[in-house]
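Input: a single structure, listed below in structure tokens.
Just the heavy atoms: all of them, side chains too, but no hydrogens, waters or symmetry mates, feed the values below. What you are looking at is a predicted structure, and each value in this text was computed from that prediction instead of being measured. For the single chain, residues carry numbers from 1 onward in sequence order.
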Amino acid sequence: MEKILILLKEAIVPIATCVLSGIISYIVSVRTANKWVPAYRKKYEELRIEVAESLTMYANLYTNPIDIAKTENHQLPQNYAEASSKLRNLASKLKAFSETMPPRIRKVPSKEAIDDASSCLIGLSNSFTTPYNSNISDAERRNTYKYENDLRQILQLPLVKR
């Protein structure tokens, strides 16, 4: 009987304590992580809505780029400059979101996909002008549409038929 008590003291109690502490740690970590998930999902949805609004608002500009050489004072018109800046700002917000989000949030694309969406916004931001003293080429126009369509696919927004 003494041997059984010694065995319990020296082997089973420490093992049981270890298992129990592991279970408690797991429960605490899951509850803590689940607290932050809704906030990240909400932030993602806010960014997604902002991107959708911007794509609709500025499509008439990024699909009709301007050659600065042909503008008054050789400057980008204010509405083009503001739209380009807005898309670049959104790209920065998406990039910051992807860098701070925890891995694997349901209903939110992966970090890599959100980084790709950010890159597409940068591409659209750069498409408001054509090279100096030139016309937009079909390849540049296709690139612009590809950025937009890729962005819409990543963020699960309806595709635009052109």
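One hydrophobic cluster, built from ILVMFWY side chains closer than 4.5 Å, cannot hold both F97 and I122; they sit in different ones. If you chain together hydrophobic residues whose side chains sit under 4.5 Å apart, M57 and I49 never meet in one group.
Distance CD/E148 to CG/L121: 10.5 Å, rounded to 0.5 Å. Here the NE2 atom belonging to H74 is positioned 10.0 Å from the CD atom belonging to E72, to the nearest 0.5 angstrom. Separating the CD1 atom in I66 from the OG1 atom in T130 is a distance of 9.0 Å, to the nearest 0.5 Å.
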Is there a side chain to side chain contact (heavy atoms under 4.5 Å, CB included) between D115 and L94? Walk through the geometry before answering. CA-CA 7 Å; D115 286 344; L94 273 178; over 6 Å; no
ask   = Going through the distances and angles, do E45 and K42 end up as a salt bridge (charged side-chain N to carboxylate O under 4.0 Å, His left out)?
value = CA-CA 5 Å; E45 284 303 319; K42 182 179 181 209; over 6 Å; no
Between L124 and L55, does the side chain to side chain contact (heavy atoms under 4.5 Å, CB included) criterion hold? Intermediate values first, please. CA-CA 9 Å; L124 285 176; L55 289 177; 3.6 Å; yes
Does the pair Q156 and R48 meet the rule for a side chain to side chain contact (heavy atoms under 4.5 Å, CB included), with working shown? CA-CA 9 Å; Q156 299 173 349; R48 188 173 165 262; 4.3 Å; yes
>> The test is side chain to side chain contact (heavy atoms under 4.5 Å, CB included); show your working for N79 and L61 and say whether it passes.
In response: CA-CA 8 Å; N79 58 340; L61 302 177; 3.9 Å; yes
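A distance-only check finds a donor-acceptor pair linking the side chain of R41 to the backbone of R106 [under 3.5 Å]. For T56 (side chain) and A52 (main-chain N/O), a donor-acceptor pair under 3.5 Å exists by modelled atom type. R152 places no side-chain N or O within 3.5 Å of a backbone atom of Y147 that could act as its donor or acceptor partner. A donor-acceptor contact shorter than 3.5 Å is absent between the side chain of S85 and the backbone of A81. Y62 places no side-chain N or O within 3.5 Å of a backbone atom of Y145 that could act as its donor or acceptor partner. Using a distance-only test at 3.5 Å, with no hydrogens or angles considered, no donor-acceptor pair links the side chain of T144 to the main chain of S127. Without hydrogens or angle criteria, D67 side chain to A69 main chain gives a donor-acceptor distance under 3.5 Å. Using a distance-only test at 3.5 Å, with no hydrogens or angles considered, a donor-acceptor pair links the side chain of S54 to the main chain of E50.
Residues M101 and S110 share a closest heavy-atom pair of CE-C, 4.3 Å.
Open room surrounds CG on D138; 12 or fewer heavy atoms of other groups in view lie less than 6.0 Å from it.
When the side-chain hydrogen bond (donor to acceptor under 3.5 Å, both in side chains) test is applied to S119, no partner is found at least two apart in sequence or on another chain. Applying the side chain to side chain contact (heavy atoms under 4.5 Å, CB included) criterion to N89, with sequence neighbours excluded, gives K93. Residues that satisfy the side chain to side chain contact (heavy atoms under 4.5 Å, CB included) test with A96, not counting sequence neighbours, are absent from this structure. With sequence neighbours left out, Q78 forms a side-chain hydrogen bond (donor to acceptor under 3.5 Å, both in side chains) with E82. Qualifying side-chain hydrogen bond (donor to acceptor under 3.5 Å, both in side chains) partners for T129, counting only residues two or more places apart in sequence or in other chains: none. With sequence neighbours excluded, the residues that form a side-chain hydrogen bond (donor to acceptor under 3.5 Å, both in side chains) with K70 are N135.
At least one side-chain heavy atom of L87 sits under 4.5 Å from a side-chain heavy atom of Y58. Side-chain atoms of Y44 and L155, non-hydrogen and from C-beta on, do get closer than 4.5 Å to each other. Between Y80 and I68 there is no side-chain heavy-atom pair separated by less than 4.5 Å. Residues P65 and F128 have side chains not in contact (no heavy-atom distance under 4.5 Å, counting atoms from C-beta outward). Within the 4.5 Å cutoff, the side chain of I114 has no heavy atoms near those of the K95 side chain.
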